[in-house]
Amino acid sequence: LLTACEQPAPVQTAPRPALVVTVGERTTAPPTILVGEIRSRYESAQGFRIDGKIVERYVDVGANVKKNDVLAKLDSMDTGLSAQAARAEVNAAEADLELARAEVQRQRQLHERKFVSTQALDIEEAKFKAMAARVKQARAQAAVSGNQTRYTDLRADRDGVITDIHAEPGQVIRAGEVIAHIAVPETLEVVIAVPESRMDGIVVNTPAEIRLWADPSTTYQGKVREVSPAADSATRTFQVRIAFETIDSKLRMGMTAGVRFYHQDSHAYL
């Protein structure tokens, strides 16, 4: 009977784990990587100064060019005819000027002998001055026409590499239309769009770390060269340009790069 009344001993369970969180001031923030594109600091758009039809193209994308190299050429027939007409106008005006000068000289001699009135002499001198002004106008117009003939050649305005071109023989273009882009590959930098919340502490000469998506194992050092003074009206971000301290053969224009900044005040990555 005593044995039948005994209760079984309770089974001991293992203690449940607990999550412990230490509350305190956080001194560092996780790094935020901003993605941008590698571009050249110096890029220029090339275009003709006059309208015309392209007859020759001398470069392709990727070609290295020197300053004043001819990139493309327009049909020069019309501009050549205009220059010839302008030179003929100059010759005619100069001939009329010589005739007017001789007539003024005769009128002055006759006026000294009292053969013609002062009014008649004044009329001839006015004609002479008008012809002199016409000669200046004709010469200026001839100079403009001469420039037009030189503008049929599109020349590079700097040393660099052709990154884009829109010119084919037979294409009719308008003055100012972009035909080619030239970039200087020796001055590469990363262009990023920084949100408003991340602009604190980003000023000119702020150091930054740069890594290429094509080769994340290599880290490049850079500094902020330029900060846009106003946010973009569409994206509400600020454009920031970071210049590389050193450039090697791995860096190419158009590549994607990640950038993170070091906050000087809080000793943490933004």
Side-chain angles (χ1 to χ4, degrees), residues 34-76 78-80 144 146-194 204 208 210 212-215 220-230 232 234-235 237-259:
L34 301 173
V35 180
E37 179 185 357
I38 296 179
R39 298 181 186 174
S40 173
R41 177 177 179 178
Y42 302 106
E43 299 180 4
S44 59
Q46 304 284 292
F48 288 100
R49 298 187 183 186
I50 59 175
D51 302 343
K53 179 180 179 180
I54 298 176
V55 294
E56 292 288 344
R57 192 190 75 183
Y58 301 102
V59 295
D60 294 315
V61 174
N64 293 307
V65 296
K66 298 292 184 181
K67 186 176 181 179
N68 291 326
D69 284 353
V70 180
L71 308 180
K73 185 178 182 64
L74 294 179
D75 185 2
S76 60
D78 292 341
T79 56
V144 172
N147 290 336
Q148 298 291 315
T149 59
R150 291 193 294 271
Y151 293 158
T152 56
D153 290 340
L154 178 60
R155 297 182 178 273
D157 63 352
R158 65 171 72 246
D159 297 348
V161 61
I162 302 295
T163 59
D164 192 16
I165 192 164
H166 304 280
E168 296 296 337
Q171 178 181 348
V172 178
I173 56 92
R174 299 187 62 85
E177 184 177 346
V178 177
I179 299 301
H181 287 87
I182 298 179
V184 181
E186 292 80 14
T187 57
L188 297 181
E189 56 188 17
V190 182
V191 181
I192 60 174
V194 182
V204 176
I210 307 169
L212 305 179
W213 280 28
D215 183 16
Y220 297 88
Q221 300 300 321
K223 287 185 178 181
V224 175
R225 184 188 64 81
E226 179 182 283
V227 179
S228 176
D232 184 88
T235 62
T237 58
F238 293 82
Q239 185 182 87
V240 178
R241 290 177 173 264
I242 303 96
F244 288 92
E245 293 186 357
T246 58
I247 297 177
D248 57 24
S249 59
K250 296 181 181 179
L251 301 177
R252 295 178 178 271
M253 288 179 289
M255 297 181 72
T256 304
V259 179

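- Using a 4.5 Å heavy-atom threshold, the side chains of Met253 and Thr163 count as touching.
- The minimum heavy-atom distance linking Glu37 with Gly254 is given by the pair OE2-CA, 3.6 Å.
- In terms of heavy atoms, Ala167 sits closest to Ile54 at CB-CD1, 3.7 Å.
- Contact of the Arg241 side chain with the Arg39 side chain is registered, since non-hydrogen atoms from C-beta on lie closer than 4.5 Å.
- Between Leu74 atom CG and Ile50 atom CD1 the span is 5.5 Å, to the nearest 0.5 Å.
- In this structure, the separation between CG on Leu188 and CD on Glu186 is 8.0 Å, given to the nearest 0.5 Å.
- When each of Leu71, Val70, Asp69 is tested with Val59 by the rule side chain to side chain contact (heavy atoms under 4.5 Å, CB included), just one qualifies, namely Leu71.
- To the nearest 0.5 Å, atom CZ of residue Arg57 and atom CD1 of residue Ile165 are 5.0 Å apart.
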Exercise for the section: Quick one: do Glu189 and Glu226 satisfy side-chain contact (heavy atoms from CB on, under 4.5 Å)? Show the steps, please. Expected result: CA-CA 10 Å; Glu189 56 188 17; Glu226 179 182 283; over 6 Å; no
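- With rounding to the nearest 0.5 angstrom, the NZ atom of Lys67 is 11.5 Å from the CD1 atom of Ile182.
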Practice task
Assess whether side-chain contact (heavy atoms from CB on, under 4.5 Å) is satisfied between Val65 and Val161, documenting all intermediate values.
Solution key: CA-CA 6 Å; Val65 296; Val161 61; over 6 Å; no
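- The structure places NZ of Lys53 at 11.0 Å from CG of Asp78, a figure rounded to the nearest 0.5 Å.
- A donor and an acceptor atom, one from each side chain of Asp157 and Gln46, are located under 3.5 Å apart.
- Annotation: side chain of Phe244 is in contact with side chain of Ile38 (closest heavy-atom distance under 4.5 Å).
- Smallest separation of non-hydrogen atoms from Ala257 and Leu212: CB-CD2, 4.1 Å.
- Of the possible donor and acceptor atoms, one in the side chain of Thr152 sits under 3.5 Å from a partner among the backbone N and O of Thr149.
- Between Asp248 and Tyr220, the side chains place a donor N or O and an acceptor N or O closer than 3.5 Å (distance only, hydrogens not considered).
- The two residues Ser40 and Pro185 make their nearest non-hydrogen contact at OG-N, 4.5 Å.
- When all heavy atoms of Thr237 and Ala193 are compared, the pair lying nearest together is OG1-CB, 3.5 Å.
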Practice task
For Val184 and Arg158, run side-chain contact (heavy atoms from CB on, under 4.5 Å): C-alpha distance rounded to whole Å, both residues' side-chain angles, the deciding distance at 0.1 Å, then the answer.
Solution key: CA-CA 8 Å; Val184 181; Arg158 65 171 72 246; 3.8 Å; yes
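- Panel note: side chain Thr256, backbone Trp213; no donor-acceptor pair is recorded below 3.5 Å.
- Other residues, nucleotides and ligands place no more than 12 heavy atoms under 6.0 Å from the OH atom of Tyr42.
- In this structure, Arg174 CZ and Phe48 CZ are separated by 15.0 Å, a value rounded to the nearest 0.5 Å.
- In this structure, Gln171 and Ile173 have side chains that are in contact, with non-hydrogen atoms separated by less than 4.5 Å.
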Problem - Audit row: Leu34, Val194, side-chain contact (heavy atoms from CB on, under 4.5 Å) steps and yes/no - result: CA-CA 7 Å; Leu34 301 173; Val194 182; 3.8 Å; yes
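- When side chains are defined from C-beta on, Val191 does not count as touching Ile242, because their heavy atoms never get closer than 4.5 Å.
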